[in-house]
Amino acid sequence: MKRTIFIDVKKNSRLDDFLRENLPSALDEFDSEKNKFLSNSKIRRLIFSGNVFCENRAVKNPAFILKNSSRVKILLDFEKLFYEKQNGDIEFSLCEKDIIFEDDFLLAVNKPCGIPSEKTFLESRASLFDAVQKYLCEKNPGAENYCSAVHRLDKGTSGVILFSKKKSVNAALHEMFGGGGEAERAVKKIYLAVCTKNTAGSASAFLRSAKNPEKEIDFGNEEFSVSNFIGRISKKSEEAKFDEVAESCGGKFARTDFRVLERRAGKILVQARLFTGRTHQIRAHLSQCRMPILGDTLYGGESAQRIFLHARKLELPHPCTGEILKLVSPVPKEFENYFYQLR
């Protein structure tokens, strides 16, 4: 959720002191709980990120003196501001072996697990976007080297991710990745997940709607589909978590088709096809089915060295030529450790 907040200055004040004193009450309009979590580090993070303006000029110095009768503008991205940085980011430098496809308009990259897709409030925190920019600048020194993420993958998810290299193709790509209608249906997104069977915890949406809620539904069939409305259930101050939420309460429709590919040593290899692109959609849907992803402890999965979710394939028409692109990411070695036939 993004908001723009304006606050009038009524006395000369240091910028950080002013925000500490006035921003919590301004946030009450959106969520009165937030002022409990607006720490000094979050105030400084907001300032350093360049999202605080005085007289239409970005101010990145916490000690900047605001003058009486001036006005402060604050650009707030609640998702980024209230989510604390997690440890474990990897160092990553993009090179030719990581490129799945590239032409003058598009760049498809094999994203590793353990790096955010996009820039965060912490300018010093590495991201895949930064790595792509560096790669383009080193490859074409002195050129414009524009790039923009077409979609995103969670930090813990690996696999194919697409960037645009020209602004001229952004509108067409936006229609394919969230615009709805025929354009969005033309995009095929396939993921691989390693799951474990989990009968503990609260009943899923399927069990609640079953005629006999005491009987566990058998998801051992080779194929099954999940369609419901999901939305965020965690506080903005906590790590984002999604589950079934009624449409009337802000839930958005989500559909995922699943196919069981292999079972071995208590692990289940599942193929997922996304028909909508909701945040944490696959993770939430598999958790609802009591088949949490290995390593996804947020959704009830067993602890592991990573979240075993991989964006295997992305298929879409090229926004300029119409040619069908089939962008495939190699299966990570850690997946092969569980399922030998993947080789």
Side-chain angles (χ1 to χ4, degrees), residues 1-4 49-51 58 75-80 94 98-111 115-121 127-137 139-140 142-155 157 159-191 229-232 240 247 250-256 272-282 311-329:
M1 180 174 65
K2 298 181 180 181
R3 292 285 188 273
T4 302
S49 67
N51 285 279
L75 304 180
L76 277 181
D77 186 325
F78 286 77
E79 182 75 16
K80 293 180 179 179
L94 186 66
D98 305 305
I99 305 302
I100 297 173
F101 174 85
E102 183 177 8
D103 65 5
D104 291 339
F105 302 93
L106 301 174
L107 175 66
V109 174
N110 184 29
K111 175 189 176 297
I115 187 171
S117 296
E118 301 174 304
K119 295 179 71 67
T120 69
F121 263 97
S127 69
L128 184 64
F129 179 84
D130 292 328
V132 169
Q133 279 196 317
K134 181 181 179 182
Y135 163 82
L136 292 175
C137 289
K139 184 178 181 180
N140 305 295
E144 178 186 1
N145 293 318
Y146 169 84
C147 76
S148 176
V150 176
H151 60 121
R152 64 181 295 274
L153 297 176
D154 293 335
K155 170 189 165 183
T157 303
V160 59
I161 185 169
L162 187 65
F163 290 83
S164 72
K165 293 171 60 178
K166 300 285 185 183
K167 293 181 180 179
S168 59
V169 299
N170 285 351
L173 292 170
H174 173 73
E175 287 298 311
M176 296 182 200
F177 289 82
E182 292 297 328
E184 186 173 14
R185 284 191 286 272
V187 178
K188 187 176 183 179
K189 293 174 277 188
I190 301 294
Y191 288 70
F229 292 86
I230 63 174
R232 181 165 181 156
E247 184 179 16
K252 295 182 178 180
F253 179 74
R255 174 190 166 188
T256 316
R273 180 179 179 185
L274 283 174
F275 286 85
T276 51
R278 309 305 177 202
T279 303
H280 291 193
Q281 179 175 321
I282 296 174
R312 171 65 167 160
K313 182 178 180 181
L314 183 63
E315 187 174 310
L316 72 156
H318 193 287
C320 295
T321 67
E323 174 190 1
I324 300 300
L325 301 178
K326 296 182 179 181
L327 312 173
V328 181
S329 171

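Within the 4.5 Å cutoff, no side-chain heavy atoms of Thr276 are placed close to those of Lys252. Inter-residue side-chain proximity for Phe129 and Pro116 is flagged as unmet; no heavy-atom pair is nearer than 4.5 Å. Looking at heavy atoms from C-beta onward, Tyr135 lies in side-chain contact with Ile99 at the 4.5 angstrom threshold. For the pair Leu106/Pro319, a side-chain contact is recorded, criterion being any heavy-atom separation below 4.5 Å from C-beta on. Looking at heavy atoms from C-beta onward, Leu128 lies in side-chain contact with Phe163 at the 4.5 angstrom threshold. Counting only heavy atoms from C-beta outward, the side chains of Asp154 and Arg152 approach each other to under 4.5 Å.
When all heavy atoms of Phe229 and Gly251 are compared, the pair lying nearest together is CD2-O, 3.7 Å. Between Asp104 and Lys165, the closest heavy-atom pair is O-CB, 3.7 Å. Taking all atoms of both residues into account, the shortest heavy-atom contact from Cys147 to Val132 is SG-CG1, 4.0 Å. Between Leu316 and Phe177, the closest heavy-atom pair is CD1-CE1, 4.0 Å. Here the shortest heavy-atom pairing between Ser329 and Val160 reads CB-N, 3.7 Å. Taking both residues in full, the closest heavy atoms of Ala58 and Gly50 are given as CB-O, 4.0 Å, listed atom of the first, atom of the second, then distance.
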Next item on the list: Go through the steps for Asn170 and Tyr146 under the test side-chain contact (heavy atoms from CB on, under 4.5 Å), then give the verdict.
Entry: CA-CA 12 Å; Asn170 285 351; Tyr146 169 84; 2.7 Å; yes
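The line from OG1 of Thr321 to CZ of Phe105 is 9.0 Å long, rounded to the nearest 0.5 Å. Once rounded to the nearest 0.5 Å, the distance linking CG of Leu107 with CD1 of Ile161 reads 10.0 Å. One distance of note links CD1 of Ile324 with NZ of Lys188; it measures 11.0 Å at 0.5 Å rounding. Taking CG of Leu153 as the reference point, atom CD of Glu118 lies at 10.0 Å (rounded to 0.5 Å). Taking CD of Gln133 as the start and OG of Ser127 as the end, the distance is 8.0 Å to the nearest 0.5 Å. In this structure, Leu94 CG and Asn110 CG are separated by 9.5 Å, a value rounded to the nearest 0.5 Å.
Asn145 places a side-chain N or O within 3.5 Å of a backbone atom of Asn140 that can act as its donor or acceptor partner. The backbone N or O of Asp98 lies less than 3.5 Å from no partner atom in the side chain of Lys111, so there is not a single donor-acceptor pair. A donor-acceptor contact shorter than 3.5 Å is absent between the side chain of Lys313 and the backbone of Lys326. With hydrogens and angles disregarded, no donor-acceptor distance shorter than 3.5 Å links the side chain of Arg312 to the backbone of Gly159. A donor-acceptor pair under 3.5 Å is absent between the side-chain atoms of His318 and the main chain of Leu325, judged by distance alone.
Side-chain polar atoms of Gln281 and Tyr191 form no donor-acceptor pair below 3.5 angstrom.
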